[in-house]
Protein chains: 2
Amino acid sequence: MARAGGKRSVETSGSPGSAQTRAALVEAAVATLREVGFAGASAREIAGRAGCNQALIFYHFGSVAKLHLAALDAVSATRNVRYQAMVEESENLGDLVRAARTVFDEDLDQGHVTVLVEMIAAAQFTPELRPEVAARIRPWRTFAADSVRDALAGSPAARLLPPEELAHAIVALYLGLEMLANLEGEREPALALFDRAGKVASLLDIFKRKKKS
Amino acid sequence: MARAGGKRSVETSGSPGSAQTRAALVEAAVATLREVGFAGASAREIAGRAGCNQALIFYHFGSVAKLHLAALDAVSATRNVRYQAMVEESENLGDLVRAARTVFDEDLDQGHVTVLVEMIAAAQFTPELRPEVAARIRPWRTFAADSVRDALAGSPAARLLPPEELAHAIVALYLGLEMLANLEGEREPALALFDRAGKVASLLDIFKRKKKS
DNA sequence: GTCTATACTTGGATAGAC
DNA sequence: GTCTATCCAAGTATAGAC
């Protein structure tokens with residue numbers, strides 16, 4: 001899958017260890033963004049973690065910024081499968097919120113969202129980064145909207161809160177909660193919020209069930 | 001007020017143009033953080049905007065980071081009076097949400113929240129900055145909690161959503177909406193959300209009125 | 001208090017050997 | 001494809017003249 005064309009900036013035909021070092025660099029870039037943030041994710045720092053030379057970043061990706069974007073793609077991909085699974089295994093809104101709590105906890109542990117937040121904050125003032133990052137964040141909004149639409153189908157709440165609007169709020173809230181949790185070093189307020197939302201969601205589920213029967 | 005002691009790092013007694021340049025530097029730091037972000041807010045860049053020399057930053061503040069914090073203090077102060085006024089002039093929840101929409105719009109125009117977001121994102125990985133920024137963000141949570149408690153007093157919603165928890169969500173949401181709005185260059189989704197919240201708030205106000213009569 | 005000059009460090013990026 | 005060596009730009013911070 002990573003071999004299918006169109007993404008590589010230099011090589012065209014597959015080469016020996018090329019794919020390996022590319023992968024190592026991307027993984028190292030993710031780890032670096034997560035652990036020392038965007039400001040600390042320099043070419044030298046990333047290459048050091050990848051165990052290879054700094055110059056290779058420019059050979060393989062053309063610039064550090066492009067490697068940063070590749071890192072963003074990588075976490076987006078893994079998050080995507082996780083979120084997708086989360087939605088599929090949830091039967092009602094209450095399930096979904098409880099699953100989301102678990103995923104949020106995981107994301108915090110593994111620093112996935114930190115990478116997003118760092119990239120978004122940095123993209124704000126990096127002209128060539130902004131549209132790229134925006135394009136990589138947008139799918140989350142549509143994904144959230146689809147999930148919400150699905151989970152809210154037949155619920156009275158759907159009229160009060162259109163899925164698209166609610167989805168936007170959810171994505172923003174998720175990012176904001178992550179920022180605050182990392183800043184304060186405590187995630188309890190955020191988790192309590194998920195618990196609270198879970199209770200409200202369960203209430204909505206009951207209304208929905210009553211309506212159906 | 002800015003003359004009251006304890007804040008200056010070098011001077012102890014007041015000096016000629018000192019206070020002026022200090023103020024100019026703080027204002028320039030705010031503008032720089034707003035316009036080119038944390039990464040671009042270097043000593044040279046800020047000094048250039050303040051129309052004075054780079055070395056003065058170290059003389060007056062000791063380090064660039066401390067000037068950044070002073071900038072954060074400055075926007076916090078102005079935002080505080082604005083938010084306070086907003087809460088005081090609102091009679092019910094619906095009023096409050098509508099006022100918040102206006103303030104959000106202003107904040108976006110003038111980039112106040114951008115400064116917060118940049119500092120929060122940067123503080124994540126700057127050990128000496130993190131506790132300082134955290135201490136400056138915390139008041140917003142308590143302020144929001146107080147306002148929500150006040151506005152929700154006597155409303156049936158207060159039992160479903162405790163003020164402290166709701167306040168945390170509001171602060172996180174505010175930051176997240178700001179990030180997304182700046183990233184995408186469009187604030188409509190966020191404003192639509194405020195409008196939606198306004199309608200729900202008005203409903204709650206009606207319930208509350210009914211209960212009272 | 002403010003400026004000039006400068007020491008020191010780090011980072012992006014390229015050239016060229018292997 | 002990978003490494004060494006290097007250039008150049010930009011940043012923090014300090015010393016010392018005014």
Side-chain angles (χ1 to χ4, degrees), chain A residues 2-3 7-26 28-29 32-33 35-71 118 122 125-129, chain B residues 2-3 7-26 28-29 32-33 35-71 118 122 125-129:
Chain A
R3 268 205 148 325
K7 275 214 170 177
R8 280 182 293 276
S9 50
V10 172
E11 39 165 345
T12 300
S13 61
S15 304
S18 177
Q20 281 178 27
T21 45
R22 279 185 65 92
L25 280 171
V26 171
T32 311
L33 281 169
E35 288 165 30
V36 295
F38 181 84
S42 68
R44 289 182 159 90
E45 180 68 32
I46 296 172
R49 286 169 190 247
C52 73
N53 194 276
Q54 173 246 44
L56 282 180
I57 289 175
F58 302 94
Y59 175 76
H60 283 293
F61 297 89
S63 73
V64 205
K66 293 209 187 105
L67 174 54
H68 287 152
L69 288 174
E118 285 292 308
F125 300 102
T126 314
E128 77 270 25
L129 224 52
Chain B
R3 261 195 152 337
K7 274 215 171 176
R8 279 181 295 277
S9 49
V10 173
E11 41 167 344
T12 300
S13 61
S15 304
S18 176
Q20 281 177 27
T21 44
R22 277 186 66 92
L25 280 171
V26 172
T32 310
L33 281 168
E35 289 166 28
V36 295
F38 181 85
S42 69
R44 289 183 155 92
E45 179 69 31
I46 297 173
R49 287 170 190 246
C52 73
N53 193 276
Q54 175 246 26
L56 283 179
I57 288 176
F58 301 94
Y59 175 77
H60 283 291
F61 297 90
S63 72
V64 206
K66 293 209 187 104
L67 174 54
H68 287 152
L69 287 174
E118 285 292 309
F125 300 102
T126 314
E128 77 270 25
L129 223 52

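Naming: A, B, ... by sequence-line order, numbering from 1 per chain.
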Revision key, fill the gap. Readout for nucleotides 11-18 of chain C: B = base within 4.0 Å of protein heavy atom, S = sugar-phosphate only, - = neither; 5' to 3' it is BBBB----
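- Rounding to the nearest 0.5 Å gives a distance of 8.5 Å between CD of B/Gln54 and OG of B/Ser42.
- Rounded to a whole Å, the OH atom of B/Tyr59 is 8 Å from the P atom of C/dT2.
- To the nearest 0.5 Å, the span separating CD on B/Glu128 from NZ on B/Lys66 amounts to 9.0 Å.
- Summarising the geometry, the separation between CZ on A/Arg22 and P on D/dT2 is reported as 11 Å, rounded to the nearest angstrom.
- Screening residues 53-64 of chain B for salt bridge (Lys or Arg N to Asp or Glu O under 4.0 Å) gives no qualifying pairs among residues at least two apart or on separate chains.
- In this entry the distance linking CG of B/Leu67 with P of D/dG11 reads 15 Å, nearest Å.
- Here B/Ala65 pairs with B/Ser63, B/Leu129 under the side chain to side chain contact (heavy atoms under 4.5 Å, CB included) rule; sequence neighbours left out.
- Considering only side-chain N and O atoms, A/Thr21 lies nowhere under 4.0 angstrom from the phosphate OP1 or OP2 of D/dG1.
- Rounded to a whole Å, the CG atom of A/Leu56 is 7 Å from the C1' atom of D/dG1.
- In this entry the distance linking NE2 of B/His60 with P of D/dT14 reads 15 Å, nearest Å.
- Note on residues 52-61 of chain A: no pairs pass salt bridge (Lys or Arg N to Asp or Glu O under 4.0 Å), not counting sequence neighbours.
- Applying the side chain to side chain contact (heavy atoms under 4.5 Å, CB included) rule to A/Thr32 yields the partners A/Val36, A/Ala41, A/Glu45, A/Ile46, A/Arg49; only residues at least two apart in sequence or on another chain are considered.
- The CD1 atom of B/Ile57 sits 13 Å away from the P atom of D/dT14 (whole-angstrom rounding).
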